[in-house]
Protein chains: 2
Amino acid sequence: MTSSKTGNINTWLSHLQEETKFSISVDCVIFGYDSSKLKVLLIDCNMPPYEGRKSLIGELLEAKETTTQAARRILKNCTSLKDLYLEEVSVYSNPDRHPLGRVVTLAYYSLISIADYEKHIVDAANKRLEWIDLEDINKLAFDHQEILTDAYNRLQRTVREKPIGFSMLPKKFTLIQLQNFYETVLNIEVDRRNFRRKLMALGLLIDLQEVQDNVSHRPAKLYSFDFEKYKQKQNIGTLNFEI
Amino acid sequence: MTSSKTGNINTWLSHLQEETKFSISVDCVIFGYDSSKLKVLLIDCNMPPYEGRKSLIGELLEAKETTTQAARRILKNCTSLKDLYLEEVSVYSNPDRHPLGRVVTLAYYSLISIADYEKHIVDAANKRLEWIDLEDINKLAFDHQEILTDAYNRLQRTVREKPIGFSMLPKKFTLIQLQNFYETVLNIEVDRRNFRRKLMALGLLIDLQEVQDNVSHRPAKLYSFDFEKYKQKQNIGTLNFEI
DNA sequence: CATTCTTTGTGTTATTTTGACACAAAGCTT
DNA sequence: AAGCTTTGTGTCAAAATAACACAAAGAATG
């Protein structure tokens with residue numbers, strides 16, 4: 001019945017054979033946002049046949065960790081930041097996708113506010129890490145272009161449904177900055193007044209009673225996102241964050 | 001800088017070591033719909049310590065296939081059906097999740113119209129496959145309860161955004177059947193008239209000019225879903241399938 | 001110091017979408 | 001023929017969305 005030599009892994013005992021074991025890597029798409037640009041943290045690839053191209057940041061899964069833990073390890077290695085937003089994208093398992101041999105990859109994406117955190121990017125020169133504008137990326141190593149596309153689609157979807165965008169903005173932001181962020185990430189244009197009305201109606205922005213500094217025009221009011229209130233609303237089911 | 005012994009898998013050459021290779025399995029959550037019930041195709045598990053419980057259907061990934069191909073192989077093995085809807089759920093990689101040793105699992109879910117296809121379920125007795133009402137499932141083997149929950153959440157989300165529900169219904173269906181389906185899967189109640197208005201407004205249902213047979217009341221009109229028109233609308237961007 | 005420039009902040013109206021609700025029609029049963 | 005069950009349909013109120021213009025704040029300029 002079952003054509004597999006190994007049988008149903010979930011019902012009867014069989015031993016795990018070496019020839020059906022695989023290297024697993026975890027690749028991270030690290031999105032950053034800065035001055036109205038969505039960027040991705042990339043690294044130079046010098047592995048044939050992809051020399052000269054850039055690639056996502058990835059490492060092999062280790063013996064005693066989950067893929068999520070591996071993703072956090074990678075993030076900490078290149079940003080020295082913990083607690084970043086992290087979301088699984090997909091699995092990439094084409095047998096020929098990696099020149100070193102068969103590597104099955106789990107992709108995750110993560111979000112960073114470049115303005116707030118650039119100072120933490122460790123040793124960027126040594127690691128040849130670089131923020132590249134998303135719109136300028138078109139030919140990554142391996143199947144990373146596909147991974148990036150998938151990750152971006154996931155980001156676009158999730159950013160509409162959950163307040164993950166705020167982790168890409170400074171802690172204090174203006175409504176215009178927030179609007180620009182959504183317009184950039186979602187590649188849309190929205191009416192300023194309608195956007196403000198909608199956001200204020202959520203009741204999740206804290207008016208900091210401060211205004212911008214050092215701008216050569218009327219300074220905008222500063223807000224922060226009320227994560228506490230969001231959690232409460234989430235718990236009591238009152239929530240509909242929808243951009 | 002990088003603490004990993006293996007270094008960045010995507011930049012420089014390192015060999016793939018045996019101690020960091022893993023067994024990978026693919027598990028399928030096969031949803032079926034029949035007489036207003038959402039069901040899942042499960043198999044008896046007789047592996048300690050989970051004897052007596054039921055589990056999802058899964059097999060080990062083979063050397064030359066993608067995880068998607070493995071999922072299709074599994075589906076064909078237990079339903080002899082090809083071209084079923086298939087969607088990735090998530091990866092499960094806790095080191096202790098499987099008693100045989102470390103197994104990293106990719107979960108997929110798939111959809112079947114039980115009414116149309118039950119005849120194709122091969123050798124259900126031999127394989128100890130059984131359709132179990134979703135609401136009666138509460139203690140599966142391994143971490144399969146978690147996988148099922150994740151898969152169901154994905155199904156609920158996708159069924160609202162894409163016309164995947166029609167692959168769980170007979171090819172000819174009544175509007176009431178369609179409504180019952182959405183009410184069951186989404187665990188909501190909707191107004192009959194408003195539901196009909198919304199669905200007809202999509203312009204994607206074909207009025208078959210037929211009515212039900214063998215019912216002891218006024219027979220309902222039969223419809224089918226216009227997959228062709230849906231594809232066209234999708235291509236020209238006119239689409240907003242949203243239940 | 002008055003004028004200009006840029007950007008912020010705000011309210012109303014028309015349109016569309018959603019939600020609530022009741023009764024007649026079809027076909028089978030008795 | 002009367003009764004039963006389920007299907008099929010329209011209107012109106014409420015809510016959400018989309019479109020739109022002008023005054024106010026502060027810096028820069030002459």
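Labels below follow one simple rule: chain letters A, B, ... track the order of the sequence lines, proteins then strands, and each chain is numbered from 1.
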Looking at [X] and [N], is any side-chain donor or acceptor paired with a base atom of the opposite kind under 3.5 Å?
X        : N      : result
B:Arg197 : C:dG19 : yes
B:Arg218 : D:dT6  : no
A:Arg193 : D:dA18 : no

5′-ward residue of the pair A:Ser216/A:Asn194 relative to DNA chain C |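 First, find each residue's nearest nucleotide; the 5'-ward one identifies A:Ser216.
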Non-hydrogen side-chain atoms of B:His217 and B:Gln212 separated by less than 4.5 Å |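 Side chain of B:His217 against side chain of B:Gln212, heavy atoms only: contact under 4.5 Å found.
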For [X] and [N], give me the distance from atom [atom1] to atom [atom2], rounded to whole Å.
X        : N      : atom1 : atom2 : answer
A:Leu199 : C:dG9  : CG    : C1'   : 14 Å
B:Asp191 : C:dT17 : CG    : P     : 18 Å
B:Leu175 : D:dT6  : CG    : P     : 17 Å
B:Lys221 : C:dG27 : NZ    : C1'   : 16 Å
B:Arg192 : C:dC21 : CZ    : C1'   : 12 Å
B:Glu242 : C:dT16 : CD    : C1'   : 16 Å
B:Glu189 : C:dC21 : CD    : P     : 14 Å
B:Gln179 : D:dG8  : CD    : C1'   : 12 Å

Would you tell me if any nitrogen or oxygen in the side chain of B:Arg196 comes within less than 4.0 Å of OP1 or OP2 on D:dG8?
->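 For D:dG8, OP1 or OP2 has a side-chain N or O of B:Arg196 closer than 4.0 Å.
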Exceeds 12 heavy-atom contacts within 6.0 angstrom, atom CD of A:Glu189 |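 Counting other residues, nucleotides and ligands, CD of A:Glu189 stays at 12 neighbours or fewer.
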Side chain of [X] (C-beta onward), nearest among [options]:
X        : options                : answer
A:His217 : D:dT7, C:dC21, C:dT8   : C:dT8
B:Ala220 : C:dT10, D:dG8, C:dG19  : D:dG8
A:Pro219 : C:dA22, C:dA26, D:dA25 : D:dA25

Identify whether any heavy atom of A:Val211 sits under 4.0 Å from a base atom; if not, whether one sits that close to sugar-phosphate; answer base, sugar-phosphate or nothing.
->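 Touches nothing.
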Of A:Lys198 and B:Leu222, the one whose closest DNA chain D nucleotide lies more 5' =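 Whichever sits nearer the 5' end wins; that is B:Leu222.
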In terms of the angle between their ring planes, are A:Phe166 and A:Phe173 parallel, tilted or perpendicular, with boundaries placed at 30° and 60°?
->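 If you compare the ring of A:Phe166 with that of A:Phe173, the planes turn out tilted.
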Can you say whether the rings of A:Phe31 and A:Tyr109 are parallel (under 30°), tilted (30 to 60°) or perpendicular (over 60°)?
->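 The rings of A:Phe31 and A:Tyr109 stand perpendicular, inter-plane angle above 60°.
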Any chance the rings of B:Phe225 and B:Phe227 have centres within less than 6.0 Å?
->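 Here the rings of B:Phe227 and B:Phe225 have centres that are less than 6.0 Å from each other.
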